[in-house]
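Reading through the structure tokens given below for one structure.
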Amino acid sequence: MNRSIITELKSRLIAGVGVASVLLVTSGAIAAPQLVLVDAKVFTADPALPYAQAVAIEDGRILAVGSNEQVRALIGPNTRIIDVGGRLVTPGLVEAHVHLGNELPTPPLAMLNLPFPGPTGEQALAAVEQAAKTRTDWIYAYVGPLVARDQRNWRKALDLVAPNTPVFLRGFWGHTSIVNSEGLRRLGITENITDPLGGWWGRDENARLDGRAYEAAETITPRIRPLTPQYLATAFGAAQQRYARWGVTSIHLMNNDKSLEVTLAGLAAAKPAQKWTVYSWGAWETPIERIPDAWAMIDAAAKQALAKVRVEGPKWMLDGTPIEQNSLQRNAYSNRPGWRGRSNFTDAQLREILKLALDRPTQLALHVVGDAETDRLLKMMQELAPISVWRAKRVRLEHGDGIQPDNTEKVAQLGLVVIQNPTHLSVPIAGESLASEHMLLKSFIAAGIPLALGSDGGPREQNPFLNLMLATLNTAEPAEALTREAALMAYTAGGAYAEGQEQSKGRVAPGFAADIAVLSQDVLTIPAPQLPATTSLLTLVEGEVIFEDAVFSSAK
Ligand SMILES: [Zn+2]
């Protein structure tokens, strides 16, 4: 078989030559594909041919998409043929926002196992007091919003029940941590510590540390448990297996409190099965003057990343969340008169970050949750550069919870990509109104805003089909629910677009990477409550099988 013909064929396929005419050209004339999937319901995420019956794969790429007859005509003696029995075949899913490897050490103090929204202050203190009777080393626990919003002096309260034992309480969603005096002592944190860029230390009326670490000040966590490449390799490896069973072929890792170096070493040790894109955390406990150097290191790493690993720019946390009530809102929080949250950066600092983004080649990602913080960002972007310049930068808005109807047009014009996390739609606490008035989804698409979906959750919430259910119900605002097709589009082609890879992956289309999932059930039609039980039966990354259910492996 003549490679040049294949090359020519591929370039024609990539150029968008119609599938049927190309298949006529290739039929019987050149080498057969390595693998074909037939008798499928193929959701292609490709507007040129939204649905098909069969796919041919060769050399890690999709060679052809079309009817069973067209694709069967390409089969050769060495082609593996998988009859998927009418099941749904989709582009491999893109998990567009997840944090991995930053869990608290195990075994921690048993997570205070109380109904959501978590323990009250008194319950947390009682549990710590009990644990302190027998322990001399760190007591850790995740806590919920009731503790996070409890404005008492936590350092003093914990010192009373654990005077000699270090205690570390962390919000399960990040953004806030609480340490007692013994904990501060062991961490080497003294009264004269200065606030890091993008975060702050809580202080009482006498300017004494009150035990609370907010936002970037939370980088104390890794000092408690050093994150080694080996530790991360285990966490990344487990995540790869989990995701492979859900048909996820790309993972956008929000790298939080880990250095890029240790994360890349961890990924290398885990041997990437999926395609990873790493967004580093934009706070390095460094002064703002040093940020250009840190960003330059990211740019350098992006040029020499491992196979299957991409490195993009920093992710900055511009504000907090409604859970601890630090996202910056237009209106005061309903149960905390006068408090609208706060920004993590001054105007001057945010301007510096945005100006740097204009200069650097890697992509900028911004955690923005509050509607007022969204207003501030959009205004500043418009002041700093013309819309056309920003469009080319394709800045990511992680979450987008705070984009209100009066801002969708501006967001679309600036070319911002919204990565929404359907798990956030179920966060509102019983009896409490949402921090922002609207939780949009459908309106993003209507306004022409590119949309990707990610879980922003732990191992259970990472299930893309749970997120598909949440996005298509949007219980926070049902009128803003997505259709199943729109949600699946956001989870595939939308995710590829969010990282600038829409020309090579995220669709089942000729010339695209053969990143594909065969699903156990038709997620486009089954009743919503059944969605989370969906699994992948066959997951391919560039044509390589990374997960295969016995139903297919036994039929080889
Ligand atoms: Zn997140």
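Just follow the structure's listing: the first ligand is 1, and inside any ligand the first atom is 1. Note that these values count all heavy atoms, side chains included, but never hydrogens, waters or copies made by symmetry. Residues: numbered from 1 along the sequence shown.
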Kindly assign one of parallel, tilted or perpendicular to the pair [X] and [Y], based on the angle between their ring planes and the thresholds 30° and 60°.
X	Y	answer
Tyr243	Trp246	perpendicular
Trp316	Phe345	perpendicular
His252	Tyr279	tilted

Between the Zn ion (ligand 1) and His367, is there an N, O or S atom separated by less than 2.8 Å?
->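 Coordinating: no.
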
Of the backbone and side-chain N, O or S atoms of His99, does one lie nearer to the Zn ion (ligand 1) than 2.8 Å?
->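 Coordinating: yes.
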
Give the name of the N/O/S atom in Asp456 that lies closest to the Zn ion (ligand 1).
->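 When I compare the N, O and S atoms of Asp456, OD1 is nearest to the Zn ion (ligand 1).
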
Give the minimum heavy-atom separation between Pro119 and Gly144, together with the two atoms involved.
->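 That would be CD-N, 4.1 Å.
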
